[in-house]
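We're numbering straight along the sequence, starting at 1. Nothing here was measured: the structure is a model prediction, and the numbers come from that model.
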Amino acid sequence: MIIRHLQYLTALAKEKHFARAAASCNVTQPTLSAGIKQLEESLGVLLVERGQRYVGLTPEGERTLAWAQRALGDFEGLKQELSEMREGLTGVLRIGAIPVTLPVIALLTTPFAQQHQRVRIVITSQTSVDIQRGLDDFSLDIGLTYLDNEPLARVRTLPLYQEHYVLVTGDASALAKRNNVSWTEAARQPLCLLTPDMQNRRILDMYFHQAGTEVRAVVETNSLITLWSHLSLGSLSTVVPRSFLPLLGSLKNLVAIPLTDPDATHLIGLVASDRDPLPPVAHALLDVAKQIDVQAAIRHIVHSASSVH
């Protein structure tokens, strides 16, 4: 029962509401409250500050929460490993991916799913900060993010590919016939860009600054779908990694022009918590990724996106 009680505590810390926490654990609110009370009695400390409603965790509760998250992560890993010994890998693989990697993540998850058909894969679009938090609190098994710009802490890494940047604009643009465009010229275009909380946007701002210019986007969004719609239905341009181009392959009247002055690349890869043993599902994805030349695969699919030049 102690595992269940730890689950109640982590759910309450996440939801910050007794009823919602109970619902997320598929129990009644009295059952959840009684379970946390039993945990407090077992440990001999008060974990939750109670009032008319949830107030927060006590300092002892915060410390217990960190241990609970670790214990639940290890328990889930143990279940996966024992299941793998009996009948093959099972469970849930939880991946946090920065938005600009979403167009290519299937290069990893498709072969993984073929090899481990009993594992369910859950992919969420997250900032690099959220990925760090998810790995730390064991709500994520693995992340797909930048490795060399704002490196994550307490992780093991697997480099996958170098990200290169292009200006995507209409084929009627004065820049459309160019072989390359400077960051300064790109900044003068009416742009739709990701929001500043996204690491990709901070990287772009850094290169615009290095070119001696600042960029003011007409539209900012944290959604690739919104970015896509402003290219396809509007008259805006954008700066994206080349790996984004397959999403634009079916669109007419767009061109993608490499950016120079400065030349810019950044390393993308997988990150997993630097702990032993690693959750079996995370270990399995890393094994699959080591067998794939992601850089070559991206070059191939970008070349195949012939509608965007």
Side-chain angles (χ1 to χ4, degrees), residues 98-104 127-128 144-151 159-224 226-228 230-232 234-249 251-269 294-309:
I98 57 174
V100 294
T101 65
L102 296 177
V104 299
T127 67
S128 55
L144 182 58
T145 185
Y146 293 103
L147 300 185
D148 59 356
N149 185 59
E150 298 173 4
L160 294 177
Y161 65 94
Q162 289 284 346
E163 186 176 79
H164 300 267
Y165 303 96
V166 294
L167 172 71
V168 179
T169 191
D171 61 4
S173 166
L175 302 175
K177 304 298 183 182
R178 298 273 296 276
N179 292 325
N180 55 68
V181 174
S182 72
W183 288 82
T184 301
E185 292 170 310
R188 301 191 189 112
Q189 307 305 305
L191 296 174
C192 178
L193 298 173
L194 293 178
T195 50
D197 62 311
M198 299 291 181
Q199 190 174 172
N200 171 264
R201 173 60 185 279
R202 296 194 293 274
I203 288 174
L204 298 186
D205 286 346
M206 176 184 70
Y207 285 117
F208 282 121
H209 182 73
Q210 287 182 13
T213 188
E214 303 297 329
V215 64
R216 293 185 179 181
V218 176
V219 175
E220 295 179 332
T221 178
N222 64 357
S223 163
L224 292 185
T226 305
L227 193 69
W228 180 89
H230 281 84
L231 292 174
S232 61
S235 58
L236 299 183
S237 303
T238 193
V239 175
V240 292
R242 283 184 59 84
S243 56
F244 185 81
L245 297 185
L247 292 184
L248 307 178
L251 296 181
K252 304 298 182 181
N253 306 319
L254 288 176
V255 294
I257 313 167
L259 282 160
T260 59
D261 301 323
D263 293 323
T265 64
H266 275 286
L267 184 62
I268 298 285
V294 177
Q295 190 81 62
I298 290 174
R299 282 197 300 267
H300 175 72
I301 59 178
V302 168
H303 178 74
S304 299
S306 56
S307 295
V308 179
H309 305 291

Please table the atom pairs, donor to acceptor, closer than 3.5 Å between any side-chain atom in residues 206-217 and protein atoms at least two apart or in another chain.
residue, atom, partner, partner atom, Å
Y207, OH, H266, NE2, 3.1
H209, ND1, E214, OE2, 2.9

How about [X] and [Y]: do any of their side-chain heavy atoms sit closer than 4.5 Å?
X	Y	result
L245	V168	yes
P103	L224	yes
T101	T145	no
C192	T221	yes
V166	I257	no
H164	P258	no
V100	L194	yes
L144	L102	no

Worksheet item: Are side-chain N/O atoms of E163 and Y161 paired as donor and acceptor at under 3.5 Å?
Response: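 No, because no side-chain N or O of E163 sits under 3.5 Å from a partner of the opposite role on Y161.
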Gap between atom [atom2] of [Y] and atom [atom1] of [X] - 0.5 Å precision:
X	Y	atom1	atom2	answer
T265	I203	OG1	CD1	10.0 Å
L227	T238	CG	OG1	4.0 Å
S182	R188	OG	CZ	6.5 Å
Q295	L267	CD	CG	9.0 Å
L167	S173	CG	OG	7.0 Å
D263	N180	CG	CG	8.5 Å

Do you know which two heavy atoms are closest between [X] and [Y], and how far apart they sit?
X	Y	answer
W183	A264	CZ2-CB, 4.0 Å
S235	P190	O-CG, 4.4 Å
I98	S128	CG2-N, 4.0 Å

Worksheet item: Taking T195 as the fixed residue, which of T127, N200, N222 is the one that meets the side-chain contact (heavy atoms from CB on, under 4.5 Å) rule?
Response: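 With T195 as partner, side-chain contact (heavy atoms from CB on, under 4.5 Å) holds for just one option, N222.
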Worksheet entry | Inter- and intrachain pairs under salt bridge (charged side-chain N to carboxylate O under 4.0 Å, His left out), touching residues 172-183, at least two apart |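 Listed by first then second residue: R178-E185.
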Practice prompt. Using the side-chain contact (heavy atoms from CB on, under 4.5 Å) rule, take V240 and Y165 through it: C-alpha gap first, then chi angles, then the decisive distance, then the call.
Written response: CA-CA 6 Å; V240 292; Y165 303 96; over 6 Å; no
Discussion item. Using side-chain contact (heavy atoms from CB on, under 4.5 Å), reason through H230 and V218 one step at a time and then give a plain yes or no.
Written reply: CA-CA 10 Å; H230 281 84; V218 176; over 6 Å; no
Discussion item. Within a 6.0 Å radius of atom CZ on R201, are there more than 12 heavy atoms belonging to other residues, nucleotides or ligands?
Written reply: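 Above 12, so yes.
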Worksheet item: Is the backbone of A296 close enough, under 3.5 Å, to the side chain of H300 for a donor and an acceptor to pair up by distance?
Response: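 Not a single qualifying donor-acceptor pair exists.
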